[in-house]
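Read the structure below first, then the notes.
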Amino acid sequence: MPDPVLKVEELSCGFNTEDGYIRVVERLSFDIDAGKTLGLVGESGCGKTVTALAIMGLLPRPSGHIEGGTVFFRGNDLSNTSTPSLKEVRGKSISMIFQEPMTALNPVHSIGKQLVEAIHLYEPEIHRTDQRTRALELLTKVGIPEPAQRLKEYPHQLSGGMRQRVLISIAIAGNPDLLVADEPTTALDVTVQAQILELLRNLQTNHGMAMMLITHDLGVVAEICDEVLVMYAGRTAERANVTQLFEIPRHPYSQGLMASIPKLSAPCKVPLPVIDGIVPALDNLPSGCPFSNRCRYSDNKCEKENPPLMDAEPGHQVACHHWQSLGK
Ligand SMILES: Nc1ncnc2c1ncn2[C@@H]1O[C@H](COP(=O)(O)OP(=O)(O)O)[C@@H](O)[C@H]1O
Ligand SMILES: [Mg+2]
């Protein structure tokens, strides 16, 4: 087996705040193989973006802080940021796209200028005339019609979906080995969402990229992911391949997320089940299982002991004291 493209081991990170240090992500571990997509799922505020920023070396400084763990990218230890060549690796071989394509593009520069800047970054020796050809090629690759016209336009002249396509074209300009996509479709209409997912899937198949897809939407996960990590309050609740997770979700939190996906077969007007309660504040987590205050299976043990991640079956792990009696 070749090494995974990305190997994250026991990553913990957090922020110094006025109220002291708050750990946001605790001992997160996962691998992503070439050509595969890992979905990072969980409610808003559970630490998905912080995880991505930590991997990218982009945690806001000086408050953000990697407390422990390692991030290996194709065998290189990225946590050792003092090595300049590794900074380059991050810039060139790992790309990231964000939720809001308007804020990620510069409003005062044309699409062409921004694309050429990216191309120049990855291929400094490329000739000016070839830069334009390459820019046109990239826009075509991400399905942008009339690319020559688009090069002259400014971000506000494009629709949200088109802007996200432009960002994707910038992200793939350097042929990255890993694409980190943070809620890339959340701000878009449903039909556009589906088109962007399809585009990401095609690019991935054609380029053999590894992808980390961050989403709060299990529908998106089902559509595009191979492996899934369900996060709750910065911790792993469950990790499985997508079939295992959808067939037998083991963690009560994953079960709750599943139950809240609308089903076509359900009678109309039956309200969707919701997970009661809210995510506890990260600086005030229950002392046992972080989900215990919302979990209907919670007992004494859950309130006292934080469950470790346990193997339910090969490739399927769950952090719940009761997993054996659940998920049947
Ligand atoms: N710069 C920061 N300073 C302090 N806390 C932060 C900062 N950025 C994020 N956080 C906290 O980290 C937690 C996780 O945030 P985030 O990773 O953005 O969640 P998600 O992407 O899953 O919605 C939140 O509780 C948030 O308040
Ligand atoms: Mg986020």
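Computed from heavy atoms alone, side chains included, the values below leave out hydrogens, waters and symmetry copies. As the structure lists them, so they are numbered: ligands from 1, and atoms in each ligand from 1. Residue numbers count from 1 along this sequence.
Heavy-atom neighbours of Glu125 CD from other residues, nucleotides or ligands within 6.0 Å: above the threshold of 12.
Summarising the geometry, atom CG belonging to Leu105 is positioned 8.5 Å from atom CD belonging to Gln164; distances are rounded to the nearest 0.5 Å. Atom NZ of residue Lys7 and atom CG of residue Asp31 lie 3.5 Å apart, to the nearest 0.5 angstrom. With rounding to the nearest 0.5 Å, the separation of CG in Asn300 from CD in Glu305 is 10.5 Å. Between Glu303 atom CD and Cys295 atom SG the span is 10.5 Å, to the nearest 0.5 Å.
Residues passing the side chain to side chain contact (heavy atoms under 4.5 Å, CB included) test with Tyr154 are Ser110, His156, Gln157, sequence neighbours excluded.
Protein N/O/S atoms found under 2.8 Å from the Mg ion (ligand 2), listed by chain and residue number: Thr49 OG1.
Listed as neighbours of ligand 1 are Phe15, Val24, Glu43, Ser44, Gly45, Cys46, Gly47, Lys48, Thr49, Val50, Pro60, Leu282, each bearing a heavy atom under 4.0 Å from the ligand.
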When the side chains of residues 226-233 are checked against the rest of the protein, which donor-acceptor pairs come out under 3.5 Å, sequence neighbours left out?
unit_1 : atom_1 : unit_2 : atom_2 : d
Asp226 : OD2    : Thr37  : N      : 2.7
Tyr232 : OH     : Arg294 : NH1    : 3.1

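Side chain to side chain, Thr70 and Asp77 fail the donor-acceptor criterion of an N or O pair below 3.5 Å. A donor and an acceptor atom, one from each side chain of Tyr253 and Glu238, are nowhere located under 3.5 Å apart.
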